[in-house]
Asker: 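Before I ask anything, let me first share the structure, which is written out below as structure tokens.
Keep in mind that what you see is a predicted model, and the values were worked out from it rather than measured. The basis for the numbers below is simple: all heavy atoms, side chains too, and nothing from hydrogens, waters or symmetry mates. Throughout, protein chains are lettered first and strands after them, A, B, ... in sequence-line order, and every chain is numbered starting at 1.
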Protein chains: 2
Amino acid sequence: MDENSKYKDVLNREGIKSTRHRNAILELLEESESPLTAEQLYINLRDKTASIDLSTVYRTLDTFASKNLVIKSNRVDDGKALYELNHHDHKHHLLCVGCHKLISMEDCPMGELQQVLKKKMDFDVTGHKLEIYGYCRDCKKL
Amino acid sequence: MDENSKYKDVLNREGIKSTRHRNAILELLEESESPLTAEQLYINLRDKTASIDLSTVYRTLDTFASKNLVIKSNRVDDGKALYELNHHDHKHHLLCVGCHKLISMEDCPMGELQQVLKKKMDFDVTGHKLEIYGYCRDCKKL
DNA sequence: TTAGTGTTTGCAATTGCCTTGCATTTGCAT
DNA sequence: ATGCAAATGCAAGGCAATTGCAAACACTAA
């Protein structure tokens, strides 16, 4: 199978064409275990094989976001846009204030709380946002 | 008491001068029940009495943030910087997406989670942000 | 395979948020 | 009041992200 059409089906299902760049961006996002900035993707792609323009990266990511293929968020410290594959499962991250690494949490601690709120406060939870800051294993040593 | 030195003590305690602009910005932040952008503050101040420069607003807010008088964050959807008064008390709210009411939660559900994270992930929590969206008792009926 | 069509991309210019350098003004201790 | 460091206005600059347009490309139909 051609490396350049690895995600052809996914893309066609969304009604957009399968291109070299789009496949490459999806591949990079899939490889990364933490969200990436547009520039990180840009540099990575440029250094590999495929020369690409930064505007194409942004446009591609916006397209993906509008199709819900990727989730766009904003980094807490500097507000830069971050993009990650939408795995459709609910996820939270730990943000290390030392090295700015984002670590994924395997499960969501909101499950039980949701029950409690419904019972005690009569409040129906439809969504939530949880960000946790602190020091990761590596930064604690320094 | 002079309107322009309402927060003189607070400011002096942080080792910075009490000025017209700084007092006005603190006042606006205190009046607002939600975080504001620099521009919202700017427009509000300009329209009032005090002509002020946008760069002064940013500098003032940065100063306040470095003194922990205000908390700077980034809006989730567009990444714009938001500023709110640091009330120092640890609190979480339920935000009703129906009537936009803010309901205080009496206790913080992060306590136990903090222990778990330290043990399982070797991650030292220094802070967190939790926002819960949903429907309150009254809005559920509609 | 090839021609045709709408989509995607590169490039350059531009926008929008925010920051910085510098001259002037202001708050405040003396 | 006077002097000095801190705060401010103004204009220019920096950087992430967006946009207009022409060229390149993916896909369809013949």
Side-chain angles (χ1 to χ4, degrees), chain A residues 2-26 35-43 45-46 48-67 69-70 72-83, chain B residues 1-26 35-43 45-46 49-67 69-70 72-83:
Chain A
D2 187 357
E3 251 331 77
N4 284 341
S5 47
K6 208 171 168 184
Y7 303 94
K8 190 175 194 308
D9 295 342
V10 180
L11 293 164
N12 288 161
R13 204 177 307 133
E14 300 296 338
I16 56 178
K17 291 182 181 166
S18 167
T19 69
R20 194 167 47 101
H21 292 325
R22 287 178 175 163
N23 279 278
I25 287 176
L26 285 177
L36 299 171
T37 64
E39 200 177 5
Q40 285 176 309
L41 286 164
Y42 169 63
I43 291 170
L45 289 167
R46 183 160 51 57
K48 271 189 167 167
T49 48
S51 108
I52 188 173
D53 193 80
L54 187 57
S55 71
T56 303
V57 177
Y58 277 110
R59 271 192 284 229
T60 303
L61 291 168
D62 274 2
T63 304
F64 287 172
S66 75
K67 305 288 183 186
L69 290 176
V70 314
K72 176 179 181 177
S73 57
N74 286 95
R75 209 192 264 156
V76 193
D77 57 344
D78 63 1
K80 268 196 192 177
L82 292 174
Y83 303 85
Chain B
M1 184 201 223
D2 186 357
E3 252 329 79
N4 286 339
S5 46
K6 207 171 167 184
Y7 302 94
K8 191 174 193 309
D9 296 342
V10 180
L11 293 165
N12 287 160
R13 205 177 306 132
E14 300 295 338
I16 56 178
K17 291 180 180 167
S18 167
T19 70
R20 193 167 48 103
H21 293 324
R22 285 178 177 166
N23 279 278
I25 286 176
L26 286 177
L36 300 171
T37 64
E39 200 176 5
Q40 285 175 309
L41 288 163
Y42 169 63
I43 290 170
L45 289 168
R46 181 160 50 58
T49 49
S51 109
I52 188 172
D53 193 81
L54 186 57
S55 70
T56 304
V57 178
Y58 277 109
R59 271 192 285 230
T60 303
L61 291 168
D62 274 1
T63 304
F64 288 170
S66 75
K67 304 289 183 187
L69 289 176
V70 314
K72 176 181 181 179
S73 57
N74 286 96
R75 208 191 265 155
V76 194
D77 57 344
D78 64 0
K80 267 196 193 177
L82 292 173
Y83 303 85

Asker: dG20(D) base to R59(A) side chain: any donor-acceptor pair below 3.5 Å?
Answerer: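 Pair found.
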Asker: Can you name the residues that form a side chain to side chain contact (heavy atoms under 4.5 Å, CB included) with S55(B), not counting sequence neighbours?
Answerer: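 Per chain and number, S55(B) pairs via side chain to side chain contact (heavy atoms under 4.5 Å, CB included) with D53(B), R59(B).
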Asker: Return the value, rounded to whole Å, for the distance between atom OH of Y42(B) and atom C1' of dT8(D).
Answerer: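 That distance rounds to 13 Å.
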Asker: Nearest 0.5 Å please: distance from the CD1 atom of I16(A) over to the CZ atom of R22(A).
Answerer: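 One gets 4.5 Å once the value is rounded to the nearest 0.5 Å.
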Asker: Whole angstroms only, please: what is the CD1-P distance between I52(B) and dA7(D)?
Answerer: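 Going from I52(B) (CD1) to dA7(D) (P), I get 13 Å.
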Asker: Is there a side-chain contact between R22(A) and the phosphate of dT8(C), meaning an N or O under 4.0 Å from OP1 or OP2?
Answerer: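 Yes, such a contact exists.
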Asker: With heavy-atom distances below 4.5 Å as the criterion, would you say the side chains of T60(A) and L41(A) are in contact?
Answerer: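 Side chain of T60(A) against side chain of L41(A), heavy atoms only: no contact under 4.5 Å found.
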Asker: Let me check the geometry of the helix from dT1(C)-dA30(D) to dT30(C)-dA1(D). What is the bend angle between the axes at its two ends, five pairs each, to 10°?
Answerer: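 One end axis against the other gives 30°.
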Asker: With D62(B), which residues qualify under side chain to side chain contact (heavy atoms under 4.5 Å, CB included), at least two apart?
Answerer: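 Applying side chain to side chain contact (heavy atoms under 4.5 Å, CB included) to D62(B) gives K72(B), Y83(B).
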Asker: Taking atom P of dG27(C) as reference, at what distance in whole Å does atom NZ of K6(B) sit?
Answerer: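 Nearest whole value for this atom pair: 18 Å.
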Asker: What's the shortest heavy-atom distance between L61(B) and V70(B), and which atoms?
Answerer: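 Distance-wise, the nearest heavy atoms are O-CG2, 3.8 Å.
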Asker: All N/O contacts under 3.5 Å from nucleotides 14-17 of chain D to the protein, with atom names and distances to one decimal?
Answerer:
from	atom 1	to	atom 2	distance (Å)
dA16(D)	OP1	K80(A)	NZ	3.2
dA17(D)	OP1	A81(A)	N	2.8
dA17(D)	OP2	Y58(A)	OH	2.3
dA17(D)	O5'	Y58(A)	OH	3.2

Asker: Rounded at 0.5 Å granularity, tell me how far NZ in K17(A) sits from OG1 in T63(A).
Answerer: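 Going from the NZ atom of K17(A) to the OG1 atom of T63(A) covers 13.0 Å.
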Asker: Could I get the full list of side chain to side chain donor-acceptor pair (under 3.5 Å) partners for T37(B), not counting sequence neighbours?
Answerer: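 For T37(B) the side chain to side chain donor-acceptor pair (under 3.5 Å) partners, ignoring immediate neighbours, are Q40(B).
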Asker: Considering just the side-chain nitrogens and oxygens of H21(B), establish if one lies under 4.0 Å of OP1 or OP2 belonging to dG9(D).
Answerer: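 Checking H21(B) against dG9(D): at least one side-chain N or O falls below 4.0 Å of OP1 or OP2.
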Asker: According to side chain to side chain contact (heavy atoms under 4.5 Å, CB included), who are the partners of P35(B), at least two apart in sequence or on a separate chain?
Answerer: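 L82(B), E84(B).
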Asker: I want to verify a distance call: between dT9(C), dT8(D), dC10(D), whose nearest atom is closest to the T60(B) side chain?
Answerer: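 Nearest listed nucleotide: dT8(D).
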Asker: Do S18(B) and N23(B) pair up side chain to side chain, a donor and an acceptor below 3.5 Å, judged on atom types alone?
Answerer: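 Result is yes, a qualifying pair exists.
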Asker: Using whole Å, what does the distance between atom C1' of nucleotide dC17(C) and atom CG of D53(B) come to?
Answerer: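 D53(B) atom CG is separated from dC17(C) atom C1' by 14 Å.
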Asker: Provide a list of protein-nucleic acid N or O atom pairs under 3.5 angstrom, restricted to nucleotides 23-30 of chain D.
Answerer:
from	atom 1	to	atom 2	distance (Å)
dA26(D)	N3	K17(A)	NZ	3.4

Asker: Can you measure N23(B) atom CG to dA6(D) atom P for me and round it to whole angstrom units?
Answerer: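 Checked: the CG to P distance equals 19 Å.
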Asker: From E14(A) CD over to F64(A) CZ, what is the distance, rounded to the nearest 0.5 angstrom?
Answerer: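 It is 9.5 Å, given to the nearest 0.5 Å.
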Asker: Classify the side chain of S55(B) versus the base of dC10(D) as yes if they form a donor-acceptor pair under 3.5 Å and no if they do not.
Answerer: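 Between dC10(D) and S55(B), which were checked side chain against base, a qualifying N/O pair under 3.5 Å is present.
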Asker: Atom CD1 in I25(B), atom OG1 in T56(B): separation rounded to 0.5 Å?
Answerer: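 Between atom CD1 of I25(B) and atom OG1 of T56(B) there are 8.0 Å.
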Asker: Between atom CD1 of I43(B) and atom CD of E39(B), what is the distance when rounded to the nearest 0.5 Å?
Answerer: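 Separation between the atoms: 4.5 Å.
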Asker: Take atom CG of L41(B) and atom P of dT8(D), then tell me their distance rounded to the nearest Å.
Answerer: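 Rounded to the whole Å, the gap is 14 Å.
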Asker: Rounded to whole Å, please give me the gap between CZ in F64(B) and C1' in dT8(D).
Answerer: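 Nearest whole value for this atom pair: 13 Å.
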